[in-house]
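Some notes on the structure that comes next.
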There are 2 protein chains.
Amino acid sequence: MNSFTEENYLKAIYKLSLNGVQGVSTNAIAYKLATKPSSVTDMIKKLADKKLVSYQKYQGVNLTKKGRDVAVSIIRNHRLWEVFLVEKLNFKWDEVHDLAEELEHINTHKLTERLDEFLDFPKFDPHGDPIPDKDGYIVQHKDITLSDLKIGEKAVVVGVKEHSKSYLNYLEQQHLVLGAEIIIKDIVEFDATMQILVNNKHVIISNQASKNLIVKKN
Amino acid sequence: MNSFTEENYLKAIYKLSLNGVQGVSTNAIAYKLATKPSSVTDMIKKLADKKLVSYQKYQGVNLTKKGRDVAVSIIRNHRLWEVFLVEKLNFKWDEVHDLAEELEHINTHKLTERLDEFLDFPKFDPHGDPIPDKDGYIVQHKDITLSDLKIGEKAVVVGVKEHSKSYLNYLEQQHLVLGAEIIIKDIVEFDATMQILVNNKHVIISNQASKNLIVKKN
DNA sequence: TTATATTTTTAGACTAGTCTAAATTTTATT
DNA sequence: AATAAAATTTAGACTAGTCTAAAAATATAA
Ligand SMILES: [Mn+2]
Ligand SMILES: [Mn+2]
Ligand SMILES: [Mn+2]
Ligand SMILES: [Mn+2]
């Protein structure tokens, strides 16, 4: 089968492909995995040998069907475990990512499907990210962020684009959890800082923060 | 921290120490881990450098306090995950060991304690093996096996000494699950084959099988 | 108690994954 | 189109863990 390392490369390539990029660059992968471009080149060659990616020197890399299937299945595991940790073991949404990074590699079909069933087939993880179904089908978020809204508009929080502990923790303190209802009261022209109502409470939020919060208009 | 490999060596040494052996041999470890004695020697040196074992050339190896703590905590994880898989995800007792071998290495204090709580602090795993408490305290089974019993004696199944899929599967077919009540009806003198009543059903069981079944007399 | 068998260790080689430094290719800029 | 800059690949080295074959130490037996 595939090593943890190979799986992490496939996942990284998958995520980098989502921005519609054709041919994921060596540097981008290296940055995402906090490794060096030369290491990435070595690994790409191995993945190409295993028919998990297609690759021509200097031209970037693309997942094959086989490679995409592996990546999506890892992501499915990751997000199901995050649901488990939050729903069943009472972890907070800013605590689960690192654990899920390890659990995701226990990639056994039966375990995944039993877990899915135990959790009652959740559609989204604790950060609002969609969980691929068992056939690998996955709905991608439309990325409307809080920063796209105008004064007077209303919306609901449905996800985050940034998953760092500090960001998630900050959001929770501002009551900006999944499902929170928002009304835009004012926007500072200079730096796009927003004054909003979150479940009827006044909150001030920077552009840095608002552009990473995914919302659904209503 | 420690690698998966190091943890597996510590666990193997721990288990081999349980038979009261003073100084676990290189060959025994190699056999248990299905590796070569020369590999074991290399690893022992590394574990000794990390103060996880004490070791003198040719004299066998012993766990230090530190090494024992790691081993017991891995075993605690392993057994808690086995309980989870059986109790919550409806796996059978012959299906969980290999998955637990992987899950046990996600050795994060908070996860272990939350899982323990979620499972309502179980004392034994699905094979009757005792689960160490959070301070590493562990009760060892007294090894009274079915094969120790005489005609007419009564007992209850409390565990197994052999964990192979085929053995566990066979036991289940003979209704010899944890808690099953046994009465010894007859013993063949030649090969110690037993004729027993299991929850009032007649069962014939070989010595090979009966000497791996841990029971409590009553 | 010397010879033989067994166990354990050492020496040297191999794979996976990583790194630095240097070479090559592609892209951007004059 | 020539040159500079950036991205990518190659070359060679390193670590963790493993192996085979040979040497050394210990245990067993004549
Ligand atoms: Mn995550
Ligand atoms: Mn998530
Ligand atoms: Mn087990
Ligand atoms: Mn068990």
Side-chain angles (χ1 to χ4, degrees), chain A residues 1-13 15-17 19 21-63 67 70-71 74 101-102 104-107, chain B residues 1-14 16-17 19 21-63 67 70-71 74 101-102 104-107:
Chain A
M1 256 290 93
N2 308 305
S3 68
F4 284 21
T5 310
E6 289 169 332
E7 290 180 350
N8 284 333
Y9 272 90
L10 292 172
K11 197 166 51 127
I13 296 166
K15 288 188 174 170
L16 292 167
S17 305
N19 319 323
V21 188
Q22 174 61 21
V24 177
S25 80
T26 302
N27 269 4
I29 298 167
Y31 181 77
K32 182 131 205 159
L33 294 175
T35 183
K36 301 293 166 183
S38 54
S39 306
V40 173
T41 301
D42 286 347
M43 179 55 81
I44 285 173
K45 285 179 187 167
K46 194 192 308 182
L47 295 175
D49 287 347
K50 295 177 79 171
K51 310 285 185 201
L52 292 162
V53 303
S54 59
Y55 165 67
Q56 285 150 266
K57 269 190 195 177
Y58 296 101
Q59 299 313 128
V61 71
N62 290 101
L63 293 177
V70 174
I74 303 299
E101 282 294 308
E102 303 195 53
E104 68 185 8
H105 298 291
I106 300 171
N107 198 12
Chain B
M1 258 289 94
N2 308 306
S3 68
F4 285 20
T5 309
E6 289 169 331
E7 290 180 349
N8 284 334
Y9 273 90
L10 293 173
K11 197 165 52 127
I13 296 166
Y14 176 81
L16 291 166
S17 305
N19 317 326
V21 189
Q22 174 61 20
V24 177
S25 80
T26 303
N27 269 4
I29 298 167
Y31 180 77
K32 181 132 206 157
L33 294 176
T35 183
K36 302 292 164 182
S38 54
S39 306
V40 173
T41 302
D42 286 347
M43 180 55 81
I44 285 173
K45 285 178 185 166
K46 196 192 306 180
L47 295 175
D49 287 347
K50 295 177 81 171
K51 311 284 185 202
L52 292 162
V53 302
S54 59
Y55 165 66
Q56 284 150 266
K57 270 191 196 179
Y58 296 99
Q59 299 314 127
V61 69
N62 289 100
L63 292 178
V70 174
I74 303 297
E101 281 294 307
E102 302 194 53
E104 68 185 8
H105 299 292
I106 300 173
N107 198 12

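Below, chains carry the letters A, B, ... as their sequence lines are ordered, and counting in each starts from 1. All values reported here derive from a predicted model rather than from experimental measurement.
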Protein-nucleotide distance ([X], atom [atom1]; [N], atom [atom2]), rounded to Å:
X	N	atom1	atom2	value
B:K50	D:dA16	NZ	C1'	11 Å
A:N27	C:dT25	CG	P	18 Å
B:Y31	C:dT6	OH	P	17 Å
B:I44	D:dT18	CD1	C1'	15 Å
A:K45	C:dA16	NZ	C1'	15 Å
A:M43	C:dC19	CE	C1'	14 Å
A:K36	D:dA6	NZ	C1'	16 Å
B:E6	D:dT18	CD	C1'	14 Å

Practice item. Of all the heavy-atom pairs spanning A:M1 and A:E6, show the shortest one and how long it is. Key: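 What the structure gives for the nearest pair is O-OE1, 4.2 Å.
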Point to revise | B:D42 and B:S38: CA distance, side-chain angles, deciding distance, side chain to side chain contact (heavy atoms under 4.5 Å, CB included) verdict | key: CA-CA 6 Å; B:D42 286 347; B:S38 54; 5.7 Å; no
Practice item. Quick one: sort the A:F4 and B:F4 rings into parallel, tilted or perpendicular, breaks at 30° and 60°. Key: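 Geometry flag for B:F4 against A:F4: perpendicular rings.
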Point to revise | Worked check of side chain to side chain contact (heavy atoms under 4.5 Å, CB included) between B:E104 and B:E7 | key: CA-CA 10 Å; B:E104 68 185 8; B:E7 290 180 349; 5.9 Å; no
Practice item. Indicate, with a heavy-atom threshold strictly under 4.0 Å, whether B:T41 touches base, sugar-phosphate, or nothing. Key: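 Base, at least one base atom sits under 4.0 Å.
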Check your understanding: Hey, does A:F4 reach any base, or is it just sugar-phosphate, or nothing, if we go heavy atoms under 4.0 Å?
Key ->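 Answer is nothing: A:F4 stays at 4.0 Å or more from every strand.
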Review point. Any donor-acceptor pair under 3.5 Å between the side chain of B:S38 and the base of D:dT20?
Key: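 Per atom types, the contact qualifies.
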Exercise for review: For the side chain of A:T35, starting at C-beta, report the closest nucleotide among D:dC19, C:dT18, C:dT9.
Suggested key: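 Out of D:dC19, C:dT18, C:dT9, the nucleotide with an atom closest to A:T35's side chain is C:dT18.
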Review point. Which nucleotide in the list D:dA11, D:dT18, C:dT18 gets nearest to the side chain of A:Y9?
Key: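 Output: C:dT18.
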Point to revise | Pair A:H105-A:N8, side chain to side chain contact (heavy atoms under 4.5 Å, CB included): steps then yes or no | key: CA-CA 9 Å; A:H105 298 291; A:N8 284 333; 3.0 Å; yes
Review point. Can you check whether B:I106 reaches A:I106 side chain to side chain, under 4.5 Å on heavy atoms?
Key: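 Contact flag for B:I106/A:I106 side chains = yes.
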**Study point:** Gap between atom CG of A:N107 and atom CG of A:N2 - 0.5 Å precision
**Key:**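 Rounded to the nearest 0.5 Å, the CG-CG separation comes to 8.5 Å.
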**Study point:** Distance in Å, A:T5 OG1 paired with A:L10 CG, rounded so as to fall on 0.5 Å steps
**Key:**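 Here the rounded value is 11.0 Å.
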Can you check nucleotides 13-15 of chain D for protein contacts, nitrogen or oxygen pairs under 3.5 Å, and list what you find?
none

Point to revise | B:Y9 vs B:V40, side chain to side chain contact (heavy atoms under 4.5 Å, CB included): CA-CA, chis, key distance, verdict | key: CA-CA 8 Å; B:Y9 273 90; B:V40 173; 4.0 Å; yes
Practice item. Kindly say if A:S3 contacts the phosphate of C:dA16, meaning a side-chain N or O under 4.0 Å from OP1 or OP2. Key: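 No, outside the criterion.
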Where do N or O atoms of nucleotides 22-27 of chain D meet protein N or O atoms at under 3.5 Å, pair by pair?
from, atom 1, to, atom 2, distance (Å)
D:dA25, O4', B:Y58, OH, 3.4

